[in-house]
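Taking it in order: structure first as structure tokens, then the write-up.
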Amino acid sequence: MAIDSDEVRSRADELLDAGAHDPLDTMRHSAAHVMASSVMQLFPEARLGIGPAIKDGFYYDFELPRPLTPADLEAIEAKMREQVAADVPFERSELSRDEALAELEHSGQPFKVEIVRELPADPPQVISFYRHDGFVDLCRGPHVPSTGRLGPFKLLNSAAAYWRGDETRPMLQRIYGTAWDTQADLDRYLWRLEEAKKRDHRKLGRELDLFTFHPESPAAPFWHPRGMALWRALEAWSLEVRRDGGFAEVRTPSLVRRELWQQSGHWDLYQDNMFVLDADEHVAGLKPMNCPEEILVYKTRARSYRDLPMRFADYSTLFRKERTGALAGLFRVRQLTQDDSHVFCREDQVADELRLALNLVQRQFAPFGFLPTFKLATRPEKKLGSDEFWDMAEGRLREALDAEALAYQLDPGGAAFYAPKVDVFIEDALGREWQMATIQLDYQLPQRFDLEYRSGEGHFERPVMIHYAIYGTFERFTGIIVEHFAGAFPLWLAPVQVMVVPIADRHLEYASEVREALDAAGIRAEIDDRSERMQAKLRDAQEQQIPVMLVVGDRDQEARAVSPRLRTGASSQGVPLEEFVQELGRRVASRELWPRAEPASEEAGSPSEQREASTAAS
RNA sequence: GCCGAAGUAGCUCAGUGGUAGAGCAACGGUUUCGUAAACCGUCGGUCGUGGGUUCGAGUCCCACCUUCGGCUCCA
């Protein structure tokens, strides 16, 4: 690293510094400096915020006299390229804290002054600056040796950001950029952004006729028949996983009086996110979570240690008044449905129940091709409960992770103040990471609601609660898989699994028979009975990403056969109808990831083999 | 909530103060076809909503609604 190793730094600084010397991050941070100096050339009165390297790129925050336009970004980028061509060295200099403050006050950089002021004065430390091409910036470094060493970069967009993320502080303008080691990396990243735009679930949702949004009920999807078919397929699988895990389904009311939320603590801590209604004399809220109501179900009778664990699945709709600016398609809605699970168990059952939870998570994600990864969030600084309690609770989670032989990362201090948790992540086809389930251990609510069960010795004991939703919400998960599969769902999920394509009107009757056979096997099939050419019907079915098209013409009708064409382009002719229906039934029942387009790189086999339909090729 | 941008036919978009357009879709007719778009014709718009400026507003101004990007990555 370029920084003096004997520089005295606070422990906090060292932590901030840790991992900052990845060469790519260093280069990106240098790119942020080059961008800042370009902005200063165009807007000499600009005040500088911060400019770190981030995942995939960098940003820099500025206070500017006016909002930036796309044309400004182009101008800034052009200046940056001039600096790269000039290949100016980065030079480090050091000042004492007082000198640094004086210098920054003099140059009119109040945000930088604030940063230096917050650095501890004791022990005294040197404040480093980096200069290139007449532009000086407070910076810990390190940097690349000179501006010519920047990799291929591109400015992406500008948007507002509060100084230090605090909405009471001034609003700055943030410019985001991306930078990579090679042009190929940059191209790949830009392709990924482009691809993400193409797959945007809001666009595909409308094109595939799954759901729409309307100003009449903002931030809440209207599910169309095809979207609902997808929802039910997701739901059926999730319920199957729960049933096998020993869960029983419950359903609890949406509108619940204030008193319950007061007891659960939501009234104090979560009311801002709740829709509150004045129902006659009684104030009530639309539920943002299920747990307090599952507790009411638990408490309807005296429970015994023999009853535990009790596992409830509740898929009812929740309401959360999210900030309007946070809403985003299916990813953030105000009416949501979780595949919610609550377990009430004895202390000695916690480890097994956690293990069950981890097991169900893996199982439920498997048919999507998702391999979940795990993060154990441990005690924060501000916490409830003794160190012994945390040792025990964290130990239980570790034990469960180990018992399932799962690798996991640590998120030190990441737990809620009352208990540790395991966060579950999946990565989609574009390499984006999504946080999914959180498996939360809860000793608080049982206490607040004075839950108990009768132990074998006749005492009253307090149960422990474990909460988790695996998909999270159906809404958000649908958004994720629409983008993950780019609308090309595997057969078991596809809203329309089979489109029967009669070649001419005289085949309509046989097409109906085919559809009925599919229907009897529980396969979602439709007939394209428009007076269109077969080619047009196939094209439309392809565009709808329907996995299987069954062409039926004279030859098929005569042989009581079908000619399947898959979304992947593979096709074959004269497959006996019953045989094909059975094959599809098998694939649906086993929730195969099928049909899948062969990766372009794996060009194996002769063209004729590739065109060979489905049946054997999986 | 805050900052910025956007909203024209079902969809994608053109229209920079002077008569609202195109392609696709839809609808009607012809066509009945063997693996990704048949042909001909017709319909379709309170230009997000409300107000204002103007002889005249899709276009300029204001307010509101909805949507999009960001406000989490900390020298």
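Rounded to whole Å, the separation between the P atoms of B:U8 and B:C13 comes to 9 Å. As rounded to the nearest Å, B:U16 and B:U53 have P atoms that lie 25 Å from one another. Rounded to whole Å, the separation between the P atoms of B:G7 and B:U59 comes to 11 Å. To the nearest whole angstrom, the two P atoms, one in B:A9 and one in B:C47, are 10 Å apart. For the C1' atom pair drawn from B:C60 and B:C68, the interatomic distance equals 24 Å after rounding to whole Å. For the P atom pair drawn from B:A5 and B:G45, the interatomic distance equals 32 Å after rounding to whole Å. To the nearest whole angstrom, the two P atoms, one in B:G29 and one in B:A36, are 29 Å apart. Rounded to whole Å, the separation between the P atoms of B:A25 and B:G10 comes to 16 Å.
In this structure, A:Trp180 has its ring center closer than 6.0 angstrom to the ring center of A:Tyr189.
If you check every strand for non-hydrogen atoms under 4.0 Å, A:Arg323 touches a base. Within 4.0 Å of A:Gly51, counting heavy atoms only, lies no atom of the nucleic acid at all. Within the nucleic acid shown, A:Ala326 comes within 4.0 Å of at least one base atom, counting heavy atoms only. Residue-level contact check: A:Phe129 touches neither bases nor backbone, having no heavy atom under 4.0 Å from any strand. Within the 4.0 angstrom heavy-atom criterion, only backbone atoms of the sugar-phosphate kind lie near A:Ala219; the bases stay farther away.
Residues A:Ala179 and A:Leu24 share a closest heavy-atom pair of O-CD1, 4.2 Å.
Listed candidates were B:C2, B:C11, B:C74. Nearest to the side chain of A:Arg206 is B:C11. Comparing atom distances between the A:Arg539 side chain and each of B:C71, B:A37, B:A75 picks out B:A37 as nearest.
Formation of a donor-acceptor pair under 3.5 Å by the A:His201 side chain with backbone atoms of A:Leu330 is found in this model.
Pairing partner, B:C47: none, since no Watson-Crick or wobble contact has both distances short of 3.5 Å. Across the strands present, B:U53 finds no partner; the criterion is a Watson-Crick or G-U wobble pair with both atom distances under 3.5 angstrom. When Watson-Crick and G-U wobble pairs are counted only if both distances are under 3.5 Å, B:C13 pairs with B:G21. Nucleotide B:A26 has B:U42 as its partner under the Watson-Crick or G-U criteria, with both atom distances under 3.5 Å. Figure legend. B:A5 is base-paired to B:U67; pairs are counted as Watson-Crick or G-U wobble with both atom distances under 3.5 Å. Checking B:C74 for Watson-Crick or G-U wobble geometry (two distances, each under 3.5 Å) identifies no partner in any strand. B:G34: no Watson-Crick or G-U partner with both key distances under 3.5 Å is found in any strand.
A donor and an acceptor atom sit less than 3.5 Å apart, one in the side chain of A:Tyr162 and one in the base of B:C2.
Atom-to-atom, CZ of A:Phe58 to P of B:A75 comes out at 17 Å; the value is rounded to the nearest Å. Taking atom CD of residue A:Glu216 and atom C1' of nucleotide B:U67, one finds them 13 Å apart after rounding to whole Å. At whole-Å resolution of the value, CG in A:Leu327 and P in B:C68 are 8 Å apart. The interatomic distance linking A:Asp137 (CG) with B:A75 (P) rounds to 11 Å, in whole Å. Taking atom CD of residue A:Gln545 and atom P of nucleotide B:A36, one finds them 15 Å apart after rounding to whole Å.
A donor atom on one side chain and an acceptor atom on the other are not found under 3.5 Å apart for A:Arg169 and A:Tyr162. Side-chain contact, A:Asp61 with A:Trp163: no donor N or O sits under 3.5 Å from an acceptor N or O. A donor-acceptor pair shorter than 3.5 Å can be found between the side chains of A:Arg174 and A:Tyr176. Remark: the A:His33 side chain and the A:His132 side chain contain no N/O donor-acceptor pair separated by less than 3.5 Å.
In this structure the side chain of A:His29 reaches within 4.5 angstrom of the side chain of A:Cys139, judged on heavy atoms.
With A:Val498 as the partner, the side chain to side chain contact (heavy atoms under 4.5 Å, CB included) test is satisfied by one option alone out of A:Ile527, A:Leu550, A:Val562, A:Val581: A:Leu550.
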ask   = What string of B, S and - do you get for nucleotides 24-34 of chain B 5' to 3' if you count protein non-hydrogen atoms under 4.0 Å?
value = -------BBBB
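Where A:Pro215 and A:Tyr60 each meet RNA chain B at their nearest nucleotide, the meeting point lying more 5' is that of A:Pro215. Place A:Pro52 and A:Gln542 on RNA chain B by their nearest nucleotides, and A:Gln542 ends up nearer the 5' end.
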message = Does A:Glu207 form a salt bridge (charged side-chain N to carboxylate O under 4.0 Å, His left out) with A:Arg202? I'd like the steps, not just the answer.
response = CA-CA 9 Å; A:Glu207 288 173 3; A:Arg202 293 167 291 208; over 6 Å; no
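Residue A:Arg565 places at least one side-chain N or O under 4.0 Å from the OP1 or OP2 atom of B:A36.
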